[in-house]
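Some notes on the structure that comes next.
Since the model is a prediction, treat every value here as computed from it, not as a measurement. Quick note: residue numbers are just sequence positions, from 1.
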Amino acid sequence: MSGVPVASIDVVTDGVFFTAPGSLPRGRNALPREQVAAAQRERILIAATELLAASGAAEVGPKEICLRAKVSLSSFYAMFPSRDACVFAAYDRFIEVLLGRLIAIDGAGLSWRAYMGAILATYLGALEADPVVGRAFQVQMDAMGEPARARRRAALSAIARLLHDKHVAWEPAAVGRLPFDAYLSGVYGIRQLAADLLEEGRVSDLPALAEQATAWVSLMFGAGPDQG
C-alpha cells in the first residue's frame, strides 16, 4: 500500500506525545501480558502516526502499521477494530497530552496577554518539538472523512472553551461582549496557520508565529495594551 521508503519516514520525537517502548524481555524475564500489550499498543500508535505523517491516510493500512510496529496483525486487531480506530486513538492521545498542558497553565499572577502568550507558546512549542505528530494530526488526518473532522471540531471546541472560561474568570464583563464562537474562531485560525507551516516544512517558524499571534489574539479577545 505505502509507496514511501522506510528510510525516508521521519520518526516521532520520543517523550513529547508518545514514548517508544524498549525491547521486550523474553523467557523467564518476560513481562506480564498486560505490559506486553501496552508496549505493543504504543508501538502501533507510533507507527500509525509516522506513516500518516509521511504519506497520508490513503497509503496506510493495518498491514503497513504492523510491519513498522513489528507486531502481528492478530495483535493489531485484538486492540483496534480498524485502521481508522487506531489512527483516532493516536489522535486522542495527541489531544489529551496537548489539552492537559494547556489546562496546566493556571495563569496566576499573569496578565491576560501573558497568559495567551503562554498558551500559544505551549501549543506551538509542542508542534515544533514533534512536527511528525503535528503533520499527522494537523495536516493529514482531515482527509479521513467526517469522523476525523468531528474529532477535530470537538478538540478545538475544548480548547476554545478553556480560553472562554478562563477569560470570563479574568474579566467577567467579557461574557457579555464576546460569544463562545469568537474564541472558537481564534483557535481555528491559529490551528490553520500552524498546519500551513507544518505542511510547508517551516517548522522553525512556529515560535515566531507564537510571538506574533500573542498580540493580536489577546487584542481580539478583548485585552488592550493597558491590560498587558
>> Filter on side chain to side chain donor-acceptor pair (under 3.5 Å), then keep only pairs touching residues 189-198, sequence neighbours left out; what's left?
In response: Gln192-Asp196
> Among all residues two or more places apart in sequence or in another chain, which pass the side chain to side chain donor-acceptor pair (under 3.5 Å) test with Thr13?
Replying inline: none
> How far does CD1 of Ile103 sit from CD1 of Ile159, to the nearest 0.5 angstrom?
Replying inline: 9.5 Å
> When rounded to the nearest 0.5 angstrom, what is the spacing between CG in Leu156 and CZ in Arg149?
Replying inline: 13.5 Å
> If you take all heavy atoms of Arg68 and Asp10, which pair is closest and at what distance?
Replying inline: NH2-O, 4.4 Å
> Between Tyr183 and His167, how do the two ring planes meet: parallel, tilted or perpendicular, split at 30° and 60°?
Replying inline: perpendicular
>> What I'd like to find out is whether the side chain of Arg113 reaches to under 4.5 Å of the side chain of Thr214, using heavy atoms alone.
In response: yes
> Is there side-chain contact between Arg41 and Val71, with heavy atoms separated by less than 4.5 Å?
Replying inline: no
>> Given 3.5 Å as the limit, does a donor-acceptor pair link the side chain of Lys166 with the main chain of Asp106, or not?
In response: yes
> Looking at side-chain heavy atoms only, is the closest gap between Arg152 and Tyr188 below 4.5 Å?
Replying inline: yes
> Among the clusters formed by ILVMFWY side chains lying less than 4.5 Å apart, do Phe17 and Ile95 turn up in the same one?
Replying inline: yes
> Taking all non-hydrogen atoms of both residues, which atom of Gln140 and which atom of Leu52 are closest, and how far apart?
Replying inline: CG-O, 3.3 Å
> Say you draw a straight line from OH of Tyr115 to CG of Leu120; how long is it, rounded to the nearest 0.5 Å?
Replying inline: 10.5 Å
> In terms of hydrophobic clustering (I, L, V, M, F, W, Y; side-chain heavy atoms under 4.5 Å; direct or indirect links), are Met79 and Leu67 co-clustered?
Replying inline: no
> Is there a path from Val11 to Ile46 through hydrophobic residues (I, L, V, M, F, W, Y) whose side chains come within less than 4.5 Å of each other?
Replying inline: no
> Going by the ring pair (Phe, Tyr, Trp, His ring centres under 6.0 Å) test, which pairs reach into residues 42-79, not counting sequence neighbours?
Replying inline: Phe76-Phe80
>> If I compare all heavy atoms of Ser72 with all of Cys66, which pair ends up nearest, and what's the gap?
In response: O-SG, 3.6 Å
> Which of these passes side chain to side chain contact (heavy atoms under 4.5 Å, CB included) with Thr49: Val133, Asp130, Val60?
Replying inline: Val133
> Of the non-hydrogen atoms in Leu45 and Ala90, which two are nearest, and what is the gap between them?
Replying inline: CD2-N, 3.7 Å
>> Same cluster or not: Leu102 versus Leu184, using hydrophobic residues (I, L, V, M, F, W, Y) connected whenever any side-chain heavy atoms lie under 4.5 Å apart?
In response: yes
> Just by modelled atom types, is the Ala53 backbone N or O under 3.5 Å from a matching donor or acceptor in the Arg135 side chain?
Replying inline: yes
>> Please check: side-chain N/O of Asp14 versus main-chain N/O of Ala20, any donor-acceptor pairing under 3.5 Å?
In response: yes
>> Please report the interatomic distance CG(Leu127) to CG(Leu209), rounded to the nearest 0.5 Å.
In response: 9.5 Å
>> For residues 92-103, which residue pairs pass the side chain to side chain donor-acceptor pair (under 3.5 Å) check, not counting sequence neighbours?
In response: Glu42-Arg93, Asp92-Arg151
>> Under the side chain to side chain donor-acceptor pair (under 3.5 Å) definition, can you give me all pairs with a residue in residues 202-212, not counting sequence neighbours?
In response: Glu200-Arg202, Arg202-Asp205
>> Within this structure, what is the CD1-CD1 distance for the pair Ile105 and Ile119, rounded to the nearest 0.5 Å?
In response: 4.0 Å
> Heavy-atom distance under 4.5 Å between the side chains of Ile44 and Cys86, does that happen here?
Replying inline: yes
> Which heavy atom in Val203 sits nearest to a heavy atom in Pro207, and how many Å separate them?
Replying inline: O-CD, 4.0 Å
>> Per the ring pair (Phe, Tyr, Trp, His ring centres under 6.0 Å) rule, what does the pair list look like for residues 116-161, sequence neighbours excluded?
In response: Tyr91-Phe137, Phe94-Phe137
>> Please give me the minimum heavy-atom distance between Ala194 and Leu124, naming the atom from each residue.
In response: CB-CD2, 3.7 Å
>> Quick check against the 3.5 Å criterion: does Arg83 have a side-chain atom that pairs as donor or acceptor with the backbone of Pro62?
In response: no
> Atom OG in Ser55, atom CD in Glu50: separation rounded to 0.5 Å?
Replying inline: 11.5 Å
